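Below is one structure, written out as structure tokens; comments come after it.
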There are 2 protein chains.
Amino acid sequence: MGKGRVTVIDIAKAAGVSKSTVSLVLQASPLVNESTRTKVNAVMRELGYVYNRGAANLRQANARSKIIGIVVNDLTNSFFAELAVGVDTVVQSAGFVQFLSNTSESIDRQREVIASMREHGVSGLIISPARGTEAVDLKPLVMAGIPVVLVVRNIPGAKVSSLVSDNHAGAFAAVEHLAALGHSRIAFVGGFPDTAVFDERLGGYRDAMSKTGTGFQDELVVSSAPSRAGGVDALARAMAMPEPPTAAVCFNDAVAFGVCDGLRARRIEPGKDFAVVGFDDVIEAKTTVPALTTISVDPQGIGQRAAQMLLKQINAGKPEAESAVSSVRLIVRESCGAAMNKPGRKMA
Amino acid sequence: MGKGRVTVIDIAKAAGVSKSTVSLVLQASPLVNESTRTKVNAVMRELGYVYNRGAANLRQANARSKIIGIVVNDLTNSFFAELAVGVDTVVQSAGFVQFLSNTSESIDRQREVIASMREHGVSGLIISPARGTEAVDLKPLVMAGIPVVLVVRNIPGAKVSSLVSDNHAGAFAAVEHLAALGHSRIAFVGGFPDTAVFDERLGGYRDAMSKTGTGFQDELVVSSAPSRAGGVDALARAMAMPEPPTAAVCFNDAVAFGVCDGLRARRIEPGKDFAVVGFDDVIEAKTTVPALTTISVDPQGIGQRAAQMLLKQINAGKPEAESAVSSVRLIVRESCGAAMNKPGRKMA
DNA sequence: GTTAATAATTGGAACGTTCCAACTTTGTCA
DNA sequence: TGACAAAGTTGGAACGTTCCAATTATTAAC
């Protein structure tokens, strides 16, 4: 047992047919007689045959393997986990298997991971690029004709498909909502300043601040790591200001949760004494207390849509780059104070 | 461009050497002259060569590809995301790449995913099996001599390595702690009853309840999906009892967060009016408010240790099944009320 | 100046599969 | 009976790599 692996030839010998016939059975070809097929299948099961995809791909250089790769920059952020399951639901029903790798924002790791996936002949790639990824990094992929869909973060020069959410509109809506509730000192909290997503959301915030007449003030944007801990930290800095804000538009939900934690630790009740709005609408957003008012980007939906874009490219002969913007909407829950009697302006 | 793919022979021609030499360069063999090496490497870059792992694996049937697979049953649970990054850190430094797949508790999907990984010649597998997985499902893997480490959930008859946390001891400690705080009506909340993990944790709970003299009562165990929403739901049922509990040992942290949400929705303050202890110690546990008292199982640590076990097996010729229990410890924070003046017994 | 040792390179066979063209068997029809 | 078609089956070549044994080029030793 277990000496050499079981090959198609072993099956052929044991079943008394030729390797070609076995191969036809493997491909469910209608050419082969029903009785032969069942016999061959039986022998396969008996000997514990495992299909060698590598050898097969070697022969048919055109047909790639039935896997699609998804590369994310931060798996511990549940946004990406949800995105991945969204992708999974659609690739699965198309007969693909999804392999996911995490880069932890490391460009080097990202290169390794993508190379590894290429070596295994993935049919296509969905990538949420690590910070600092440039168009050149994607060049080899497009040259090889491998379909790629960028999600979450777009990369300017790359000639690949992309699906990002409408960050500008989302942040704009968040500010408008808070302004309508009577806030004027609205902070923009969290996120790394050197990313496209940050720029877009900040842009929406800035435009809305200008439009609502309260004006944009530099000091009201306080950045941090885009995590729960980052939110705690950023809030501390915001509250240390001479004239602290009364509301915050957060870079994402993780930051928003951190902000709520930080508020509570200061005995300030989010949704009552201070308005918080997040960005992403992760699952916890609706069950947490207070329920988080946030900009819904529907990670699963984005995953599904990205997967559909990718499959379309895979099925079409030559991949046509297509870029889409996924619309977002404001979900009003409790953390902004809109559900309460008074807009939160108790502190000053 | 992109007609046929670039092969080792193309490189050889362009560089004016033989394919064997190119192959040696690929393997970083010391046999090849430094000047040839640099020239070959240059040509590779220029022509955009991609290593064909499939063809390589074909030849060297022994040496498997440098990927290890990790199969989890619920990616949306951040416990598994953290476990995966733990695994990643160690396999990465050993020169492997990790491919992760999610089964969403589906046995069928799990079979597909594992088959796919086998076809791609993974060097080893770390599996958190879907509910209902049986020893036979793993049989083909052990027959093929593929190293496997089971995590989180063990499977009785399977002859593979496993690494589970000491669920019995953890639940036991949680109950002891709550009892010491003065609670006697302590519920066991959340989790699916037909899993080994549930049985173990429940066992620890039961033994501790008996030992502390309050005795084990069936009605105090209320199961649910092991998620935040499940926790909300289970708490509702618990509080509807004629004599509701004053404390809860939760199946996991997600459930515990749900329980806290449910309590707050009822205007009961977790950590003050009701004691909650979780299980897992996910990252949010320490930043949330109130900080969650929980049993730390250190998912990253488990991931790392599992990865080490797997690598050991891969490096050893024949895999020796080894099973380990990862110890757990009680992390006292705020949600159990220990940090407050009074043990939470205000309600009755 | 020959031999021996070392360093570097090389062609061919092999890995497990698919594809193609050729082959055999069986059945149908004039 | 012979010609033809349809249904199954088959051997060999090819895919891109690595390994082996053999070869050539270079250096060292006498």
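Because the structure is a prediction, the values reported are computed rather than measured. Side chains included, hydrogens not; waters and symmetry mates left out as well; all remaining heavy atoms used. Proteins get letters first, then strands, A, B, ... in listed order; numbering begins at 1 in each.
Of the candidates B:N41, B:V25, B:V17, B:T36 forms a side chain to side chain contact (heavy atoms under 4.5 Å, CB included) with just one, namely B:V17. Partner A:I11 forms a side chain to side chain contact (heavy atoms under 4.5 Å, CB included) with one of A:E46, A:M44, A:K19 and no other, that one being A:M44.
Between its opening and closing five pairs, the helix from C:dG1-D:dC30 to C:dA30-D:dT1 changes axis direction by 50°, a value rounded to 10 degrees.
Within the 4.5 Å cutoff, the side chain of A:R109 has heavy atoms near those of the A:E112 side chain. Residues B:Q313 and B:V149 form a side-chain contact, since some pair of their non-hydrogen atoms from C-beta on lies under 4.5 Å apart.
Contacts of residues 23-39 of chain B with DNA chain D (heavy atom under 4.0 Å): B:S23, B:L26, B:Q27. Contacts between residues 41-51 of chain B and DNA chain C, counted as heavy-atom distances below 4.0 Å, involve no residue at all.
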Extract all donor-acceptor atom pairs below 3.5 Å that involve side chains of residues 125-132 of chain B and protein atoms in other chains or at least two apart in sequence.
from   : atom 1 : to     : atom 2 : distance (Å)
B:S128 : OG     : B:N73  : OD1    : 2.6
B:R131 : NH1    : B:D194 : OD1    : 3.2
B:R131 : NH1    : B:D194 : OD2    : 3.4

Practice prompt. Test B:S78 against A:T76 for side-chain contact (heavy atoms from CB on, under 4.5 Å), laying out the working first.
Written response: CA-CA 7 Å; B:S78 60; A:T76 60; over 6 Å; no
Worksheet item: Checking side-chain contact (heavy atoms from CB on, under 4.5 Å) for the pair B:V152/B:F80: CA distance, chi angles, key distance, verdict?
Response: CA-CA 10 Å; B:V152 180; B:F80 291 108; 4.1 Å; yes
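Put simply, NZ on B:K19 is 11 Å from C1' on D:dC20, counting in whole angstrom units. Across the protein-nucleic acid pair, B:L58 atom CG and C:dA13 atom P stand 17 Å apart, rounded to whole Å. Atom pair A:N52:CG and C:dT18:P shows a separation of 9 Å (rounding to whole Å applied). Counting to the nearest Å, the P atom of D:dT18 and the CD1 atom of B:I9 are 12 Å from each other. Between the CG atom of A:N57 and the C1' atom of C:dG16 there is a distance of 12 Å, given to the nearest Å.
The pair A:R153-A:E105 meets the salt-bridge criterion, since a charged nitrogen lies less than 4.0 angstrom from a carboxylate oxygen.
You won't find any donor-acceptor pair under 3.5 Å spanning the side chain of A:R59 and the base of C:dT17, going by distance alone.
When atom types are taken as modelled, the side chain of B:N102 and the backbone of B:L75 share a donor-acceptor pair closer than 3.5 angstrom.
Listed by chain and residue number, nothing satisfies the salt bridge (charged side-chain N to carboxylate O under 4.0 Å, His left out) test with A:E82 (two or more places apart in sequence, or in another chain). Annotation: salt bridge (charged side-chain N to carboxylate O under 4.0 Å, His left out) contacts of B:E322 (sequence neighbours excluded): B:K312.
Among the atoms of the strands shown, only primed sugar atoms or phosphate atoms (P, OP1, OP2) are found under 4.0 Å from some heavy atom of A:T7. Contact annotation for A:S20: base contact, defined as any heavy-atom pair under 4.0 Å involving a base atom.
Look at A:S18 and you'll find a side-chain N or O under 4.0 angstrom from OP1 or OP2 of D:dT10.
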